[in-house]
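Atoms within a ligand are numbered from 1 in the order they appear, just like the ligands themselves. Quick note: numbers below take in every heavy atom, side chains included, and nothing from hydrogens, waters or symmetry partners. In this chain, numbering begins with 1 at the start of the sequence shown. The structure presented is a predicted model; accordingly, all values stated were derived computationally and were not measured.
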Amino acid sequence: MLFVTAGLGGMSGAQPKAGNIAGVVSVTAEINPLAAEKRYDQGWVDELHYNLDELIPAIRKAVADKRTVSMAYVGNVVDLWERLAAEDMHVDLGSDQTSLHNPWAGGYYPVGLTLEESKQMMAEDPDKFKECVRESLRRQCAAINKLADKGMYFFDYGNAFLLESSRAGADIMTPDGKFRYPSYVQDIMGPMFFDYGFGPFRWVCTSGDPKDLETTDRLAAQVLEEIRKDAPEDIQGQMDDNIHWIKEAGPNHLVVGSQARILYADAEGRAKIALAFNDAIRSGELSAPVVLGRDHHDVSGTDSPFRETSNIYDGSQFCADMAVQNVIGDSFRGATWVSIHNGGGVGWGEVINGGFGMAIDGSEDSARHIREMLFWDVNNGIARRSWARNKGSMDAIRREMERTPELTVTMPNLVDDDVIDNAVTIF
Ligand SMILES: NC(=O)c1ccc[n+]([C@@H]2O[C@H](COP(=O)([O-])OP(=O)(O)OC[C@H]3O[C@@H](n4cnc5c(N)ncnc54)[C@H](O)[C@@H]3O)[C@@H](O)[C@H]2O)c1
């Protein structure tokens, strides 16, 4: 498969690694040579290409040879998309992870200008710069549309690409006023992961010792493999992907700073993995305490109508109650610290995020905190998603009530939309 995208920055730089672990040919455009070369030096991208005439045949060859390889195109992504469209190349997957949540101040560089020219125009003629960004987005969408018409699956990566393209007047809307392409939360993350409680659980080995991280990877894989044996069919795919990921994480050298790992897991998985770490700290198999946490881009911690809660269709995605309730619950169920903040990823005023850290030291207290807090931190959001009648969440919370008899969550009553519509007419 061929995956084409943009951005080798702070977060977007993960894309080529993900491509390699998934076994595809990936091409990521990055306009800033320093960012691209840094990712290459760190081993996060395999090849650097500065010239489209040389890149295109390299892509064709890699796809034909069925190689797993990540290529960086050092240049503007619009030039790349337009060339792929002109060459009529088949692209399987497409996305974009430039910083379009911040389009006017260096998040997105318009086609036709060098990085330096962009910076200068941004400062000296911001109105002209805005028009260049809009024109660039219109061209980018036109090329993407051509490839999508030939079968490419394109998705928004949570960087406001669709939103900014629509504001720029790009051909990105359907006649009934919806976006032409799905957002990855509505199409993928929500229904396949968050609704079931799968989210970015993570931990840091405070010893700073790579051997400790290796041990945690092994323990996590063992726990997931055990859970996988009896996992219901609708989450077996997620379990397989996560087992594959955690086994590949070490060999793919993902660590660039702290000895830390991120691993998608559901409520059961997170608690069992954390308890296994706690046991290992107590027995000395791990040499020092571990700090547990998670990203805000998760099941319960964030209310964000344009991203994390965008697949909640009962109208409640615009409320900020879940993040607040969640962080308060975390605070007295055992978190070592909690945070509540605004703006993460999609911009100020658009989102409320909550987070936590939990230091575990092998003690019985730590085990209790893990059982009580991680349970709440995931199931709270599943309950909300279930009240919104999301099918996966209704199944997941029913399963949790079977596993945990002292838990009672009210279930929604499913009503045919016609009944509601007719009732409204009558009243
Ligand atoms: N989906 C997720 O889970 C997730 C996670 C984190 C961040 N994000 C979003 O992804 C976006 C990127 O995050 P980041 O931390 O990597 O930002 P970043 O600013 O560090 O990186 C973006 C990169 O895109 C490059 N770029 C900009 N315009 C370009 C163009 N036209 N052609 C080629 N390259 C171009 C920039 O030079 C930069 O290196 C943000 O909007 C962020 O909110 C999504």
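Among Y184, F155, Y109, the residue whose heavy atom lies closest to atom 31 (N) of ligand 1 is Y109. The option with the heavy atom closest to atom 24 (O) of ligand 1, from among G7, A6, G13, is G7. The option with the heavy atom closest to atom 27 (C) of ligand 1, from among S99, P200, P33, G107, is G107. With distances taken over non-hydrogen atoms, the option nearest atom 41 (O) of ligand 1 out of M189, H101, R307 is H101.
Close N/O approach between V77 and ligand 1 is found [any backbone or side-chain N/O within under 3.5 Å]. An N or O contact shorter than 3.5 Å links G10 to ligand 1 by distance. Checked by distance only, ligand 1 and N32 stay at 3.5 Å or farther apart across all their nitrogen or oxygen atoms. Inclusion of Y108 in the set of residues having an N or O under 3.5 Å from an N or O of ligand 1 is not warranted. Residue A35 places no N or O, backbone or side chain, under 3.5 Å from any N or O of ligand 1.
Side-chain contact between M373 and F356 is present, with at least one heavy-atom pair separated by less than 4.5 Å. Annotation: side chain of R60 is in contact with side chain of E87 (closest heavy-atom distance under 4.5 Å).
Atom 15 (O) of ligand 1 has M11 N, 3.0 Å as its closest protein atom, hydrogens excluded (heavy atom only). Of the protein's heavy atoms, T98 CG2, 3.5 Å lies nearest to atom 35 (C) of ligand 1.
Taking 4.0 Å as the cut-off, G75 counts as a neighbour of ligand 1 on heavy-atom distance.
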With side-chain hydrogen bond (donor to acceptor under 3.5 Å, both in side chains) as the criterion, how do Y196 and N390 come out once you've worked through the C-alpha distance, each side chain's angles and the decisive distance to 0.1 Å?
CA-CA 10 Å; Y196 290 97; N390 290 8; over 6 Å; no
